[in-house]
Every structure is written in C-alpha cells, then in structure tokens.
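Read the structure below first, then the notes.
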Amino acid sequence: MSVNKVQSLYYFPRITRWSKGIGAELPEAYKKFWKEWKIQEPTAVHYIKEEGKYIRNEKTGEVHPVQNVRIPLKYPKEFEQYILGGEAVIQGFRQREKYCRRYPHFWFPILKKSVLYSEVLDSYMRAVITQRTILLIHENYGFDHYLLKTPACDLRSELAVKLKRQILIALADKTLYPNDKAKRDEVYAKYSQYLSSYTREEIEWYGLTYKEACQKWIALKKEQNKVQPLKIQYRSELIAKLKENNIKEAQDIDVLPKEKDDGLWLSKWNPFSKTSKTK
C-alpha cells in the first residue's frame, strides 16, 4: 500500500456550513452569491496590483516572481450599514524615527454623510459613504449603474448588496414606476442589460445573509410540507369530476367553503362565545 493511500485513510474532511445541516440543503443560487460575496477576490484598493507572473529589477537584472499579497482589512460591525466602495480599516505599525520602536496604528477611511438617488427605485436615501464611493458613482454615471456593475465582493457591506437585490427584483418583476408606464419602459430599457447575468431564482436569493437564507429555506420547506386535510382533497376531486360531467350545481361550488361558526354545535355550547344564548 502506497504512502498516499495510508494518509487518505486517516484523513477526515473538515465539516463546514456547506457540508452539513441546513447549509448543505441551500440552493445553488444562494451558494453562487456567497462565492461572489465572500470567496471571490476583491479589487485591489489599498495597494497597486502588479500584472504578470514575473518582474525584473532594472538595476540588477534579477527576475523575481510577482507576489500580490493582499493587505488584511478589518470590517467593524457598523460598516455593514455603510457604502465604503471597497475601503476598510487597515491595521499596521508606524515608526517615527529610524531607531525608534514601532507602534501599532489603525488607518480609518474618511466617512461622509450623503444623499444617494436610485433611479430604478425612484427614491432618495441617506447613507454613510466614502470619497471613493462618490468617485465610483461618477465613473459609472449613476448610483444604480455602480451597484449593478460592481460584484458583491467589492460592495462588501450588507446595505449595498441588499440595495442591489431590491434593484434587481424591481427590474425582473417590472414593478418600477407603477403609475407611469412611459417612465417605466424608459428606465427598464436603460438597466435591463444587467438581468442577463442572473436568473430569477438567483435574484431571489441574492443579497441575503447566511442567517436570512436559512430562515427563508426553512419557511419554504414548511410551506411545501404543509399538511392538507383529506376532506379538502376528496372534496376538490369530487367537484372536479362533477364539473367534467357538466353538472350545473357544481359550477359555482368552491373547494374551500366558508363555514359559519353560528351553525356549529360547539359554538352553541361555548359560554365565552358572543353568539351563545344564556338561559
């Protein structure tokens, strides 16, 4: 027996949220969004990314492999309600003089309160943003274009991905500008190109946190496994057969009739009901 086979016998796969429990049952549409949000490599913001595999030193002529090491960033909980444009808190060290001991330091992005306008949702919203977010909105010619063009890994915050989800749902269902058909057609033609990257199911699961996705999946399973009384099933089958035979009395019969509590024998003997008669 080879060494690799012996090592494989003692290998236990690591249990993750996607291999066991509710996470393993989540649809592929949500797993696709999670990869785009948490696993996909974001755009380099705090360092200059070098292209290619090797770089040559012009002075010495030495060739070294390119190593684009990502700067570790910190995202406080409050940043989930901001639109930062890819910026975050950087933890590092500073040194005042050459022979002085370095000391830890944090670099924070400059936050600004601003008002953003979504043309698809036709609403103004107050949000905390950065200067880079303003520049990206101008580069993409609008707030909606910026959200729809930017992947979730660059939007990063829950607020940004949820706004993107609302815009995608409004475009997919054509619920924008319900009282103005001309404006609805104009805005839809302007942003409908972004729908080609998603299916309706992917849009439905887009922008949800892991907890929200699990709650949504549990609610869907409860709705699918909802127990229906047999009397309703038998009644619907009987009414369907009567309608097939063109029985006139069965045409106006509903499958779920509205029962009145006044005619039930239990309500007559209920001392707390309003319809009960006291002797």
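Just so it is clear, the model here is predicted, and its values are computed rather than measured.
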Mind listing the closest non-hydrogen atom pair of Ile90 and Leu73 along with its distance?
CG1-CD2, 3.7 Å

We want to know whether Tyr191 and Glu119 form a side-chain donor-acceptor pair, criterion being a heavy-atom distance below 3.5 angstrom.
yes

Considering all heavy atoms of both residues, which atom of Gly85 and which atom of Leu136 are nearest to each other, and what is their separation?
O-CD1, 4.0 Å

After noting the C-alpha distance and the side-chain angles of Glu212 and Lys162, does the key distance pass the salt bridge (Lys or Arg N to Asp or Glu O under 4.0 Å) rule?
CA-CA 12 Å; Glu212 293 172 347; Lys162 288 185 182 299; 2.6 Å; yes

Assess whether atom OH of Tyr141 is packed by more than 12 heavy atoms of other residues, nucleotides or ligands within 6.0 Å.
no

Mind checking whether Val45 and Glu87 have side chains closer than 4.5 Å, heavy atoms only?
yes

Assign the ring pair Trp205 / Trp217 to parallel, tilted or perpendicular, where the plane angle (0 to 90°) is split at 30° and 60°.
tilted

Is atom CD1 of Ile110 surrounded by more than 12 heavy atoms (other residues, nucleotides or ligands) closer than 6.0 Å?
no

Return yes when atom NZ of Lys35 has more than 12 non-hydrogen atoms of other residues, nucleotides or ligands closer than 6.0 Å, and no otherwise.
no

Are Lys174 and Tyr188 in a cation-pi contact, defined as NZ or CZ under 6.0 Å from the six-membered ring centre and within 45° of the axis?
yes

Can you tell if the side chain of Val66 reaches within under 4.5 Å of the side chain of Lys53, non-hydrogen atoms only?
no

Within a reach of under 6.0 Å around NZ of Lys38, are more than 12 heavy atoms found that belong to other residues, nucleotides or ligands?
yes

Is the gap between the ring centers of Tyr30 and Trp37 under 6.0 Å?
no

Any carboxylate oxygen within less than 4.0 angstrom of a Lys/Arg side-chain nitrogen, looking at Asp185 and Lys181?
yes

Does CD belonging to Gln67 count more than 12 external heavy atoms closer than 6.0 Å?
no

Have a look at Ile83 and tell me which of Leu116, Leu155, Thr130 forms a side chain to side chain contact (heavy atoms under 4.5 Å, CB included) with it.
Leu116

Does OH in Tyr54 sit with more than 12 non-hydrogen atoms of other residues, nucleotides or ligands closer than 6.0 Å?
no

